[in-house]
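Please read these numbers as outputs of a predicted model, since none were measured by experiment. Values below: every heavy atom of this structure, side chains too, minus hydrogens, waters and symmetry copies. Lettering of chains follows the sequences in order, A, B, ..., and the numbering in each one begins at 1.
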Number of protein chains: 2
Amino acid sequence: MSPTPQPLTAERILETTEEVLRRHGPAKATVVDVARALGVSHGSVYRHFRTKAALREAVTKRWLDRTTLLLADIVAEPGTDPAARLRAWLTALFAAKRRKAFDDPELFATYTVLTTETAETVVGEHIAELTGQLTEIVRAGVAAGAFAAEDPATAAGAVFRATDRFHDPHYAGEWEKPGAESDFRAVVDLLLRGLRARD
Amino acid sequence: MSPTPQPLTAERILETTEEVLRRHGPAKATVVDVARALGVSHGSVYRHFRTKAALREAVTKRWLDRTTLLLADIVAEPGTDPAARLRAWLTALFAAKRRKAFDDPELFATYTVLTTETAETVVGEHIAELTGQLTEIVRAGVAAGAFAAEDPATAAGAVFRATDRFHDPHYAGEWEKPGAESDFRAVVDLLLRGLRARD
DNA sequence: CAGATGACAGATTTCAATATCTGTCATCTG
DNA sequence: CAGATGACAGATATTGAAATCTGTCATCTG
């Protein structure tokens with residue numbers, strides 16, 4: 001769009017790459033497109049990112065990190081009832097994903113492809129961060145005597161995996177169906193019952 | 001293989017279609033291939049199945065029904081402890097899927113494509129049958145005073161969805177990883193804890 | 001006449017030629 | 001001389017013509 005006289009930074013490249021991905025989709029967005037949009041040669045892009053895959057990874061990480069940050073607020077919330085906090089966290093995650101999928105389906109499809117490409121690396125770390133947050137919530141719940149769990153990390157992992165259907169993009173098609181909301185509640189209810197400490 | 005002089009039945013067509021799918025894969029298996037393998041014209045195949053999609057659906061249903069039947073035995077088991085029976089059912093489902101995926105990865109990939117094609121119809125019914133079995137186990141558990149659940153069907157649905165990761169072919173890649181077994185146990189433990197009746 | 005056939009139209013797939021892209025690097029420029 | 005360039009080789013994607021497939025149906029055959 002603009003010839004942009006500003007210095008070429010990794011940050012500007014990432015912004016432009018997002019834009020190009022939004023416009024062209026994951027299959028047709030090329031490094032040459034990104035360079036063209038920035039008004040530079042594609043060789044310059046390779047000065048900041050070693051490969052096209054690395055560039056895509058960086059964009060994907062940015063996108064995932066936005067969600068991680070959003071949820072961190074809930075973990076940090078002080079003195080809430082552990083069960084309520086765990087439910088709030090899971091609900092916020094589901095809501096965030098559902099909103100992304102619903103508001104801009106094409107962009108969501110683009111990121112679904114990107115995350116599939118980096119399942120083992122970037123997405124793996126993202127999931128580790130999320131289960132880390134969950135572990136923190138469970139740990140606090142155990143400390144408060146509200147939850148019973150031998151190992152908070154194991155329990156958190158189980159909770160995360162048991163709710164895959166409500167955050168894995170693979171199931172996005174199910175998220176706007178009539179029963180989705182009550183299905184979610186039923187799973188969360190069952191999991192919270194399983195965590196709750198016996199008197 | 002053989003020119004087969006026997007009468008052309010839907011059953012024989014299904015058997016041959018399985019064979020052709022096994023050989024050629026889902027992308028390249030054509031109705032013409034099936035007809036050729038049977039030594040008939042493809043018009044004759046269309047006398048038994050209205051479309052190629054209908055033929056594929058029928059094959060897929062056969063395949064899924066084999067698993068349904070396997071699990072029905074566990075539901076029918078008399079007088080077992082409800083928790084043990086539920087665990088056995090979930091374990092058998094996971095084991096059956098994992099075996100299929102591991103023993104013949106190409107065939108499993110073929111059926112993964114087929115089930116994706118018929119997600120709304122055949123697979124939907126298959127899932128309904130499985131959750132029906134689960135509901136029966138939960139209902140019996142509630143009757144025996146071992147489980148607490150307002151609505152057994154809802155609880156069964158929640159258990160099924162919470163274990164998606166261990167039966168949805170989408171996750172097949174995870175099933176042979178080191179942690180899979182203990183991840184499975186952690187989720188099932190948590191779910192059983194959630195179902196268990198309080199004294 | 002129940003059931004099989006194969007020619008056919010329109011849709012889909014294959015294939016090979018062509019164009020574009022990725023990643024490198026010798027060269028240029030401020 | 002730090003940073004940008006663009007020519008280049010090999011890999012990948014696009015394209016359009018030809019081949020194959022799907023689904024129908026008038027016709028044939030036991």
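Phosphate contact (OP1/OP2 of dA4(D), side-chain N/O of S44(A), threshold under 4.0 Å): absent.
F160(A) and H167(A) have parallel rings, their planes meeting at less than 30° on a 0 to 90° scale where 60° marks the start of perpendicular. By the 30° and 60° cut-offs, the orientation of the rings of F184(B) relative to F166(B) is perpendicular.
Cation-pi check for R50(B) over Y46(B) is not met; the charged atom does not lie both under 6.0 angstrom from the ring centroid and within 45 degrees of its normal.
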Would R62(A) and E11(A) count as a salt bridge (Lys or Arg N to Asp or Glu O under 4.0 Å) if you check the C-alpha gap in whole Å, the side-chain angles of each, and the deciding distance to 0.1 Å?
CA-CA 10 Å; R62(A) 267 164 64 104; E11(A) 183 61 22; 2.7 Å; yes

Please test E57(B) against K61(B) for salt bridge (Lys or Arg N to Asp or Glu O under 4.0 Å), starting from the C-alpha separation and ending with a verdict.
CA-CA 6 Å; E57(B) 274 185 24; K61(B) 182 163 165 37; over 6 Å; no

Footprint string (nucleotides 7-30 of chain D, 5' to 3'): B base within contact, S backbone only, - free, heavy atoms under 4.0 Å
B------S------SBBB------

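Rounding to the nearest 0.5 Å places CG of L14(A) at 8.0 Å from OG1 of T9(A).
Between V34(B) and H42(B) the shortest side-chain heavy-atom distance does not fall below 4.5 Å.
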Which dot-bracket string fits DNA chain C when only Watson-Crick or G-U wobble pairs with both atom distances under 3.5 Å count, crossing pairs get [ ], and | stands for a partner on a different strand?
||||||||||||||||||||||||||||||

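Between I74(A) and R85(A), the shortest heavy-atom distance links the atoms O-CD, 3.3 Å.
Atom-to-atom, CZ of R12(A) to P of dA4(D) comes out at 10 Å; the value is rounded to the nearest Å.
Taking only side-chain atoms of H48(B), from C-beta outward, the nucleotide of dA4(D), dT5(D), dA4(C) with the closest atom is dA4(C).
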